[in-house]
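Step one of this worksheet: look at the structure below.
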2 protein chains.
Amino acid sequence: MDDIALPRYLEIRRDIQNRIASGELRPGDAIPSEHELKELYGCSRMTVSKALSALTSEGLIQRRRRAGSQVAMPRNAQTVLKIHDLKAEITASGRAYRCEILSRAKRAPDAAEAARLGQPVAEILALELVHYADALPYAVENRLMNLAIVPDAVSADFSETPPGTWLLNEVPWTDAEHIIRADIASAALARRLAMAKGAACLVIDRRTWQGGVIVTAVTLHYPAARHQIVSHFSPGGSFGA
Amino acid sequence: MDDIALPRYLEIRRDIQNRIASGELRPGDAIPSEHELKELYGCSRMTVSKALSALTSEGLIQRRRRAGSQVAMPRNAQTVLKIHDLKAEITASGRAYRCEILSRAKRAPDAAEAARLGQPVAEILALELVHYADALPYAVENRLMNLAIVPDAVSADFSETPPGTWLLNEVPWTDAEHIIRADIASAALARRLAMAKGAACLVIDRRTWQGGVIVTAVTLHYPAARHQIVSHFSPGGSFGA
DNA sequence: CGCCTCATTATGTATAGACAAAAGAGGTGA
DNA sequence: TCACCTCTTTTGTCTATACATAATGAGGCG
C-alpha cells in the first residue's frame, strides 16, 4: 500500500490519526501548534490547518484559540446507522419485493396520532401496509404523512413504490429522529408477520421534519427472528496500515 | 437570528443547503460552478470551494472534475447513533450507578467465544455483570476482552469503573460494529433484569477493533420496557431559519 | 464509423500572506 | 488579593495565485 498518491493534507491527517489510535498521543495530550507542524511536515500552514480541521469535525481532536489543539476526551462510541429504504434493502438482497396496503385514510389526526406527530397537523394520510420479501412478510409499516407538506400523497399509488421510497424521492428533509425498541408481537401483528404470537419484534419509530414542520411519522415492526440492525463504523474513514 | 457573525463560507454552505432543503434545487440538478458562485457571492474561489467541500463530505452534493457539481441523489436516511457509556448514561439521568460482577474468568476462548471474536485470540478475560440504576437492574453485560491488547485488564477492579468505561479510557479504537436486535428474555436473564420471563429484550452486540485486531466483544441485554435507543439527526448540523 | 489525440473546463490541492478573534499570561494599581 | 488592562500566541477565515488532475467534447485520421 504505497501512499505516494495521497495528498499532503490527508497524509498529515492520517499520521496524526495513527498517533492517536496507537496510543502515542493520549486524550488530553497537546498536539503541536500549526506553526510547529508546518515546519515538521514542510508545508504551508493552510495545509496543516486543513488536516486539523478535518480531525476536529470528526471529533478526534479539540482546538481552541491561543490554547492550541489537544486530543479529545474519549468519545462515546458512536456509529452511523443507515436506515435503508425497505424496497431497496429487499431487492438488494436478491429477493422479490411486494407490498400490500392494509388500510389507507385521509383524515384529521386523532389524539394518539397527534401525539406521534408532536405538533398540530390539520390533515394526514394514514397508511398501514405489509412489506414482503419473496413470499415472507418482512415488516409491518404504520405511517402518517402530513398532507400540508406532501399534498401529492393522496393521489399517489403506493402499491408499486411504497410510501417510504416515494417520500425519499419526493420530499427533502432536514431533521430525523429514530427510536429503536423491542416489543412482543400482538396476535394481530404476529399473524401479519407470519411469526409466533409472543415472539419478539424489533420496532423502529422514525419521524422526519422539513425545517421544523413534521413530514411523516412511521413505525416499522420487524420480526426479531428475521431482522437485525447492523452498523459498522470507523471514525474518519480508514486508518493507514 | 441575525447571521451577521457567520463566516462567509458557512453562509454560502447554508444558503445552498436551504436551496436543496426547500426543493428549489432537486436531486440531479446542477449547482453553479465555483467560478460562477465566486462572482455570485463576491468572494474568492477558495471560499466557495470550502463551502462545497463541506457539503460534499456531508453527502449533500456530488462533485466531479470537469462535470461540475450536482445535488446528490436522495440518500438513505442515516443517523448517528451515540452508544453512551453505561455508567455515564445512568449517572447523567440522576440515578445511582452500581454494578455487580457475576463471573470473571481468564482463559482461552471456547468455540462460541472464538466465533464472536471473529479472529484467533490466545487468551481472553470473560466477564458477566449486571448494571443497576438505583435499585433497578438496567442491563446485563457479557464481555470478552482480548488480553493481547489489554493485558492490564486482569488486574483492573471493575466494580467501581465498569469494563466499558474502563476500556473507553484505556484503549483507543479504530473500528466498531454494532448489531441491534430484539429477543425474548430467558428465565435466567429475566430474573437478573427483574422482568417477566418471556418479555422482550433489546440486545446490542458491539465489537471493537484496534487496527484490525479485536479489542472487545460485548453483548448487552436491556429490558425493552425500560430502555430504547433514541437518535436525532440533522444532516450538516442546523439549517437556517 | 470507430478510435485516437488534443484542447478545454471544473474541480482538487497547495502556497504565501494578511487580518480577525479568542484566550491565556503577565503586569499594574487599588 | 483582586479587578482590570495590555501583550502575545494560536487558531479561524479569507484572498490571489498557481499548478495538477479528471473528464468531456471536438476535431482529425484511418
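Within every chain, numbering begins at 1; the chains are lettered A, B, ... in the order of the sequence lines, protein sequences first and strands thereafter.
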If only side-chain N and O atoms of B:Thr47 are considered, is one of them under 4.0 Å from the OP1 or OP2 phosphate oxygen of D:dT13? no

When rounded to the nearest 0.5 angstrom, what distance separates CG in B:Leu167 from CZ in B:Arg143? 5.5 Å

With a 3.5 Å distance limit and no angle check, can you tell me whether B:Gln210 reaches the backbone of B:Pro172 through a side-chain donor-acceptor pair? yes

Any N/O pairs under 3.5 Å between the protein and nucleotides 9-11 of chain D? List them or say none.
from: D:dT9; atom 1: O4'; to: A:Arg66; atom 2: NH1; distance (Å): 3.3
from: D:dT10; atom 1: O2; to: A:Arg66; atom 2: N; distance (Å): 3.1
from: D:dT11; atom 1: OP1; to: A:Ser69; atom 2: OG; distance (Å): 3.4
from: D:dT11; atom 1: OP2; to: A:Glu34; atom 2: N; distance (Å): 3.0
from: D:dT11; atom 1: O2; to: A:Arg65; atom 2: NE; distance (Å): 3.1

Spacing between A:Glu11 atom CD and C:dA14 atom C1', to the nearest angstrom: 13 Å

Can you find a side-chain donor-acceptor pair between B:Tyr138 and B:Glu89 that sits under 3.5 Å? yes

Any salt bridge between A:Arg14 and A:Glu11, counting N to O under 4.0 Å? no

In whole angstrom, give the distance that lies between atom OH of B:Tyr9 and atom C1' of D:dC14. 11 Å

Rounded to whole Å, the OH-P distance (A:Tyr41 to C:dT15) equals 14 Å

Starting at NZ of A:Lys38 and ending at P of C:dT15, how long is that distance when rounded to a whole Å? 10 Å

Separation of atom CZ in A:Arg8 from atom C1' in C:dT13, rounded to whole Å: 12 Å

Rounding to an integer number of Å, can you tell me how far B:Met46 CE sits from C:dA10 P? 18 Å

Between C:dA10 (P) and B:Gln62 (CD): distance, integer Å: 18 Å

Please report, rounded to the nearest Å, how far the C1' atom of D:dC14 is from the NZ atom of B:Lys50. 8 Å

Got a salt bridge between A:Arg98 and A:Asp134, using NZ or NE/NH1/NH2 to carboxylate O under 4.0 Å? no

Say whether A:Asp175 and B:Ser234, considering side chains only, have a donor N or O and an acceptor N or O under 3.5 Å apart. yes

